[in-house]
Asker: 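Supplied in structure tokens, the structure appears directly below.
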Amino acid sequence: MTVRAENLVQNWFPSEDGNAGERKELIKLMEQIISGVDDLKDPNRAHLKGEKNRGEDFYKKLTETSQIPMNGQQAELVNEELLKLLHNHPYHTKYFFTNILPMASTPGILGMLTAMLVNGNNLWDVYGPAGAEAEVRVVSMMSKLIGYDPNMSGGYTTWGGQGAIFSGLRLAIAKAAPESLRKGVPQNLYAFCSDAAHYSLFKSMEATGLGTNNLIRIKTNKDHSMDMEDLRCQMERVAQGGGIPVYIVATTGTTDAIAIDDVKGVRETAEAIAEKYDLKVPHIHADSALGGFFAFFNEYDVSENPLQFSVGVLRMLKEIKAKFQHLSLADSMCFDFQKLGQTPYTSSLFLVKNAADLKRLDLEEQETPYVGHRGYGEYHTGYTLECSRMGSSISMLSVLLTFGVEGYQRLLGQFLEVNLAFREALSREIPQAEVVNDDNVGMATLFRIYLDGSPRFQEEISGEATSMEIERNNELNKMLFEKLGEKRDEMFFGDTTKFLLVNSKEGQEFYLSVSKFFVISPYTLPEHIPHIVSYLKDVIASVCGQFENVHA
Ligand SMILES: *Cc1c(COP(=O)(O)O)cnc(C)c1O
């Protein structure tokens, strides 16, 4: 066994030759971290153990006291310091239901570890051959899953669903105005998405220089999906005014309600308008960051029901299958593996139906003096916005191989079962609460609470509530956020202040504030729902009491 001298710089690195002694050292340090986290776990809370006082001047103090030490410390001591960062950290126990923040699965972590141990650069297969190989495999697997021709399609791993929306917009601009890559972006290009879409497109409009004024928001239907008639009207309005519609984002699984836009309808509308005004068909991106994983049910036999899902979940699956069969009509899409794919951050996949489209964004040979375009190396991603890229594809591959289609069906099916049990119990047990996304399938329930005698959701959305009443209801619901937020180490709920735009009796517009129950932990099971709902019932009763006192 090799024993290293004390002060070698090499001690900070994994071994060169694979010797057992140094491996043992590395594993010992990893074991210290892993068992340190285990010691902090408490399955009855949504946070790890440990004290952390994030008072008002917490970050200010950190700024003042942080300094690089002149002499480095031993790894064991630094590990202790690292573990302290995790004190009172949110942790994905059965009581964790805030938004779509998943636990990193074990195969996901192992994939990342594999990537890190060789630290390849996924920019070029000469630097990161493992990442390139995994990326090509994952792109092919996911293409086949959603019905793209894998011999035509392409894609790459990138920074989030937002990165995918941004890349889609770059493609849209390059397709509509190829000159713009050199001359800058013309100001008469327009993009479209629904009112319920993620703010990523808003950001992208700003970043590409098109400006957010050129983003047209389309009204939503009662189920929060995009209103096709409004899309048609808005596209016509733009075209008649000399504008060119270049990009439509169809959200297939919105971040809040998990509403699913009609991709086929978007395609038909886009083609009809393009023909009428003699324009190119806009690039259509399915923002399937969240919902794309429902495609794992495409081949699920709902009549045989081999995984024995409940009647309620089967009903959801039928709807999911009907909506996702047209996903491949989009020109590009995204799988946010860091969401329902169960990999660590950052790992999102951008898929394009026609890989040749990416060529429009590629760099010329003379622009890449260090890498690519050599006699050696077959795979160079000069079209990505990033230069160096992590090998997150290895993590994706690891989970896909470990779970398989059936594994994803079981996991996502479990999320659906738990959510249905929650919806039913909430409606039954808590009269003040109302489910406001009853029409949406998925693992999220949005709910809003009301005092006795106040107008409720139905009146709010049909314009029968006054401005004062809606404001008052919003205030009550924000009070619930505060209360749930204070106790989030016990149970961690989500919320949003911008769920749905409604008109008051007076014609004033308001967004509704709602709380969110998002099933994302594999540890939450239907049998936990009675306790969760009873906890919620107590908090809601106390908030309502407090609110009535304040407003008495
Ligand atoms: C989360 C989400 C995004 C943004 O994805 P990031 O991975 O956070 O960048 C975009 N669209 C939808 C529908 C999402 O749910």
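When a residue number appears, it is its place in the shown sequence, counting from 1. Order of appearance sets the numbers: ligands from 1, and atoms from 1 within every ligand. Small disclaimer: the values here were computed from a predicted structure and weren't measured.
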Asker: Should the pair Lys498 and Tyr511 be classed as cation-pi, given the thresholds of under 6.0 Å to the six-membered ring centre and 45° from the axis?
Answerer: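 Pair Lys498/Tyr511 counts as cation-pi.
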Asker: Taking only heavy atoms of Thr255 into account, list the atoms of ligand 1 that are under 4.0 Å away from them.
Answerer: 12 (C), 13 (C), 14 (C), 15 (O)
Asker: So is His198 polar-close to ligand 1, meaning N/O to N/O under 3.5 Å?
Answerer: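 N/O-N/O distance below 3.5 Å does not exist for this pair.
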Asker: Would you check whether Gln162 has a nitrogen or oxygen atom less than 3.5 angstrom from a nitrogen or oxygen atom of ligand 1?
Answerer: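 Yes, since at least one N or O of Gln162 sits under 3.5 Å from an N or O of ligand 1.
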Asker: Do other residues, nucleotides or ligands put more than 12 heavy atoms under 6.0 Å from the NZ atom of Lys175?
Answerer: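 Yes - once you tally the heavy atoms of other residues, nucleotides and ligands closer than 6.0 Å, there are more than 12.
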Asker: I'd like to check whether Trp159 has a polar contact with ligand 1, where a contact means an N/O of the residue lying under 3.5 Å from an N/O of the ligand.
Answerer: no
Asker: Check the pair Ser153 / Ser143 against side-chain hydrogen bond (donor to acceptor under 3.5 Å, both in side chains), numbers first and verdict last.
Answerer: CA-CA 7 Å; Ser153 69; Ser143 292; 2.7 Å; yes
Asker: First locate atom CE of Met116, then atom CD1 of Ile109, and finally report the distance between them rounded to the nearest 0.5 Å.
Answerer: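 The CE atom of Met116 sits 9.0 Å away from the CD1 atom of Ile109.
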Asker: So if I count the atoms of ligand 1 from 1 in the order they appear, which ones are less than 4.0 Å from some heavy atom of Ser200?
Answerer: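 Near Ser200, the atoms of ligand 1 are 4 (C), 10 (C).
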Asker: Among Phe493, Tyr523, Tyr535, which one satisfies ring-ring contact (aromatic ring centres under 6.0 Å, His included) with Phe97?
Answerer: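 That would be Phe493.
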Asker: If you count the non-hydrogen atoms of other residues, nucleotides and ligands that lie under 6.0 Å from NZ in Lys203, is the total more than 12?
Answerer: no
Asker: As a quick check of understanding, evaluate side-chain contact (heavy atoms from CB on, under 4.5 Å) for Thr93 and Lys41, giving each step before the final call.
Answerer: CA-CA 9 Å; Thr93 64; Lys41 289 180 184 175; over 6 Å; no
Asker: Going by the order shown, which atoms of ligand 1 are within less than 4.0 Å of some heavy atom of Asp336?
Answerer: 5 (O), 6 (P), 7 (O)
Asker: Using a strict cut-off of 4.0 Å, indicate which atoms of ligand 1 neighbour a heavy atom of Gly253.
Answerer: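 Listed by number with element: 13 (C).
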Asker: Identify, for atom 6 (P) of ligand 1, the protein heavy atom at the shortest distance, and state residue, atom and that distance.
Answerer: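 Looking at atom 6 (P) of ligand 1, the protein heavy atom closest to it is Gly161 N, 3.2 Å.
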Asker: As a check for students: among Gln338, Lys203, Lys339, identify the option with a heavy atom nearest to atom 2 (C) of ligand 1.
Answerer: Lys339
Asker: Tell me the nearest of Asp287, Thr254, Leu290, Asn99 to atom 12 (C) of ligand 1, using heavy-atom distances.
Answerer: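 The option holding the nearest heavy atom is Asp287.
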